[in-house]
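Notes to accompany the following structure.
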Amino acid sequence: MLWKERLHIEPQLAEEIDVFETEMRLRKEGKLDPKVFGETRLRRGIYGQRYDNGHRNNGVRVEDLHYPNPCLTKGPDTLWDAPGMQRIKIPFGGVTPSQMDTLADLAEEYSDSVIHVTTRQDFQFHFVQIDDTPDLMRRLAAVGITTREACGNSVRNVTACPLAGICRDEAFDVTPYAKACSKFLLGHPDTQGFGRKFKIAFSGCAHEACGLVNMHDMGAIAVKRVEKGIPIRGFELYVGGGLGSVPHQAKLFTTFLLEEELLPTAQAIARVFARLGEKKDRAKARVKFLVARLGIEEFRELVLEERRNMPEDSRWTNYLADVDQAGRETPLQPPSAMPLTDRPHGFEDWFSTNVYKQRHDGYVAVNVTLPLGDISSWQMRRLADIARRFCGDNVRTTVEQNILMRWVSEGELPELYRQLQSIGLGDPGAGTIVDAVACPGTDTCKLGIASSRGLAGEIRRRLATNALQMDEAVKNLRIKISGCFNSCGQHHVADIGFYGTSRTIDNHKVPHFQVVLGGKWRDNAGSYGLAIGSVPSKRVPELVDRLTQRFLKDRKRGESFQEFVQRIGKLELRDMLDRCSKIPSYHADPSYYSDWGDPRVFSLGDMGVGECAGEVVPVVQFDLVAAERMVFEGQLEMDRGRYAEADALAYRAMLQAARGLVKIEFQDVPEDPEIIVAEFRRRFFDTAIFQDQYAGGKFAQYFFQRHASPPKQHSRDQVHRTIEEAQLFIEAAYACNDRITARRVGAAYI
Amino acid sequence: MQLDRIGVKLFAVEPDSKFDIRSFIPVFHSWIQRHSMPDHLLIDVHDYSHIHHGPGILLVAHQANLSLDQAEGRLGLLYLRKQPLEGALDHRIATVLTYALQAGRLFEPEGLRFKDDEFLVFANDRLNAPNDENTSQSLTQATSAALSRLGRSGLRVTVNRSSPKERISVTAHK
């Protein structure tokens, strides 16, 4: 018997999975183009993983991985047999105990017995064989979960504040709206023609962080109005936000969108995005670029016009008839008060960080801390049983990679804590400095540069012992880490953010992290931080200590970390970074030349060259360092409100980096910007030498664009973006120089 | 019974408190460099030491996942087969056990030894090997036969009674 025959699955879902299985067969028979199958696969949530091109640097040399079918691919340069990642969409993070049981089973049988919670409330399995995915999907479908459109150019998981419905501050519960939006847009014909992904988030209030509305393609904040004595529900709607390499703050679309207009407006936005959004250049294909290009006023007009012309659809409003019922959760136990005695050891600390008092008397929500967002199958199965006893179906994932148990009767907290402790999930510190968030980074992601999870784990280990004794101001800081500039770890909105990069020191590559300060988690990701310099990976924990100690020592009463960073200024901060930037030579201490949790000598993946004795091009290094300094000075000018000067410095930094590269081939290149741009374009862009394996030429385009079209007016927003782009251009120049160096070394060996 | 996803866990002789299992990360990497496991394409190493009673340190291969596993608080070497094997069930279990023992021996120079008189054998396939009486009998008989094949017929095989939600398992012991 097959799973297909044994399970009861909704016919439409069953058919979709059958179709995918057929597509797999066609691909295996060579009847389906790998590129087309690649997108098909992504739209089923099946992602590639590191080393799936069949090469891996084993620490000594790059080796071919000899899979059984060396010619069969599941996408361009992606081998069929290589293990991959399966993302599982969980709309608004809502999950039930029976679904948790299934997830536990699937992780054991098809993955590595670990379920990972992502920063967008999804689950992920790693090291999955594609041949197992149809059955995996069927078993999920049997408990009401689809992986459809979890990846690819589609509407991704619709996220929502995990406290929705129990929050003390919300205007109303956004859960039924998030659910309806997710269902309505899933597979909708108007969402199939995007050039890139489309992310939606819901929040019940404006001032907390939970929904992170400002960093989404479309974000809705619940707003209630009273008109003629009647309360009316609606949304403050934002569009065009996003993190990625260059973050954009969302723009206000309207201050009040009636609830009945939510779905048609989302559909109209999707139609405008599908019609006018960039298709060829992936780097410019998100809604944020379309909004930036058109301006919010024109974008709004286009959407409203689209809305007026769309044929009516009963699904737009059908769900509203029972929106209150749909969102209502049933507590498992009656409300009760917390017992004054019988509190187990460690309970008070855990209570202070992991328990949220609901607006309903006698009920609390419990945040189950998952280290690095990971939970084993064994733990998940037991957590499902614990949920069955204490909160029933009222469980959600959070964007901070934890699991929230809602509607727990307060009097049962001590026993719940005991049970969580018994399965190793009773750690305190949820949402504190110790609860560092990290994307998968070099552990499994093809784009990862440095080990974000390794660093997060190390920070967690070091802080765990004394975090709870820390001053509240430090304890409540948030650390978020990405393995590269793409911001899956949401480093831009952390108090202290990091993203992975690489530098060459002592003729060896060294994992580094750019330090991003000044981001704001609250106010729905209210503002984005800027990278102020890079630090060797192994010295980052020391930097965290220095930053937090300094904050504690010099903080003014009531001052937030963002205000503190602003007050002491980037020069001071840069000085602190510089104190952590030196490392011993490779021969004196090689440990600095490998990443956290990975003993291999650090390299940029499958470059094809070992780490030994890369030829250094000192002039280029000098120019790149100078360019970095200029970007930093640009930040200082921006902070002083001198936007034109800041913009000019960012531009000069890009020129300097480009000139440095040009000098490798043309030593006497003049300082004339026109000549630098032309030479850079001819020698590095047109030849594709500068192009990043994954980002293509987008970083060079930042440079060309700024050169061709200097801003007519300067604003903080524009300068912020140009500085960010300049930093990325310089990072790309470093990477380009590394590739050139590697090629020279290779040639020398031949 | 068409069961290929077979797991075998060897248990450490020494108490797990003696080791920081992260110190074995370089060991797994060295296996990849030296191709230490015949018939296996070794791919990558993953650190799950932060998970309570979790998979510990994982070595991902195409054919199987190997890990310094900490389930139920007992350090051991887990070999979890992912790809099909030839022969009858007892033959397949014997093959998996042989691979696990081979891998276990590779740890001896590192001071980590595994018991040779106690193994956990389980079926990692809820479709072909549901946790019921039939599977229990088949797995017990096949494990006994596999032990005989490997010259370890002195060991007894006992079914581990567990929740139907768990994977079915037996323990071979003295």
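Just so it is clear: chains get the letters A, B, ... in the order the sequence lines come, proteins before strands, and each one is counted from 1. Keep in mind it's a predicted model, so treat the numbers as computed, not measured.
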I'd like to know whether CZ of A:Arg418 has more than 12 heavy-atom contacts from other residues, nucleotides or ligands below 6.0 angstrom. yes
Side chain, backbone, both or neither: which part of B:Glu72 has an atom under 4.5 Å from a heavy atom of chain A? neither
If one checks every heavy atom of A:Leu370 against chain B at 4.5 Å, the contacting part turns out to be neither
Just by modelled atom types, is the A:Gly597 backbone N or O under 3.5 Å from a matching donor or acceptor in the B:Arg22 side chain? no
Shortest non-hydrogen contact from A:Pro599 toward B:Pro26: CG-CA, 3.7 Å
Measure A:Pro83 against the heavy atoms of chain B and call it side chain, backbone, both or neither at under 4.5 Å. side chain
With rounding to the nearest 0.5 Å, note down the distance linking NE2 in A:His116 to OH in B:Tyr48. 8.5 Å
Give, as side chain, backbone, both or neither, the part of A:Leu2 having an atom under 4.5 angstrom from any heavy atom of chain B. backbone
Given heavy-atom pairs under 4.5 angstrom as the criterion, report whether the side chain, backbone, both or neither of A:Glu108 touches chain B. both
Checking heavy atoms, do the side chain of B:Ile57, its backbone, both or neither come under 4.5 Å from chain A? neither
Run the side-chain hydrogen bond (donor to acceptor under 3.5 Å, both in side chains) test on A:Gln421 and B:His52 for me, step by step, so that the C-alpha distance in whole Å, both residues' side-chain angles and the decisive distance to 0.1 Å come before the verdict. CA-CA 10 Å; A:Gln421 266 198 317; B:His52 175 79; over 6 Å; no
Between NE2 of B:His50 and CZ of A:Arg461, what distance do you get to the nearest 0.5 Å? 9.0 Å
How close do B:Asn65 and A:Ser111 get, heavy atom to heavy atom, and via which atoms? ND2-O, 3.5 Å
Interchain contact, A:Arg460 with chain B, by part (heavy-atom threshold 4.5 Å): neither
Structural part of A:Asp101 lying under 4.5 Å from a heavy atom of chain B: side chain
To the nearest 0.5 Å, tell me how far A:Ile375 CD1 sits from B:Ile51 CD1. 8.5 Å
Anything under 30° is parallel, anything over 60° is perpendicular, the rest tilted; go ahead and classify B:His46 against A:Phe127. perpendicular
Looking only at B:Ile43, B:Leu58, B:Ile25, the option with the highest number of non-hydrogen pairs under 4.5 Å against chain A is B:Ile43
Is the ring pair A:Trp378/B:His53 parallel, tilted or perpendicular, if the boundaries are 30 and 60 degrees? tilted
What's the separation between atom CG in B:Leu41 and atom CG in A:Leu65, rounded to the nearest 0.5 Å? 5.5 Å
Is there any residue in residues 113-148 of chain B with a non-hydrogen atom under 4.5 Å from a non-hydrogen atom of chain A, and which ones are they? B:Asn124, B:Asp125, B:Arg126, B:Leu127
From A:Asp385 CG over to B:Lys165 NZ, what is the distance, rounded to the nearest 0.5 angstrom? 3.5 Å
Could you please spell out the steps behind the side-chain hydrogen bond (donor to acceptor under 3.5 Å, both in side chains) verdict for A:Asn58 and B:His29? CA-CA 7 Å; A:Asn58 68 15; B:His29 276 284; over 6 Å; no
For B:Glu86, does the CD atom sit with more than 12 other heavy atoms under 6.0 Å from it, leaving out its own atoms? no
side-chain contact (heavy atoms from CB on, under 4.5 Å) between A:Glu63 and B:His35: does it pass, once the steps are laid out? CA-CA 11 Å; A:Glu63 262 194 332; B:His35 304 274; 2.6 Å; yes
For the pair A:Arg50 and B:Asp44, find out whether any cationic side-chain nitrogen is under 4.0 Å from an anionic carboxylate oxygen. no
Taking atom CD of A:Gln129 and atom NE2 of B:His62, what is their separation to the nearest 0.5 Å? 5.5 Å
Assess whether a salt bridge exists between B:Arg5 and A:Asp132, defined as any Lys/Arg side-chain N lying under 4.0 Å from an Asp/Glu carboxylate O. yes
Tell me, with the steps shown, if A:Arg382 and B:Glu166 meet salt bridge (Lys or Arg N to Asp or Glu O under 4.0 Å). CA-CA 11 Å; A:Arg382 273 147 194 81; B:Glu166 301 290 346; 3.0 Å; yes
What part of B:Ile32 gets closer than 4.5 Å to chain A, counting heavy atoms only: side chain, backbone, both or neither? both
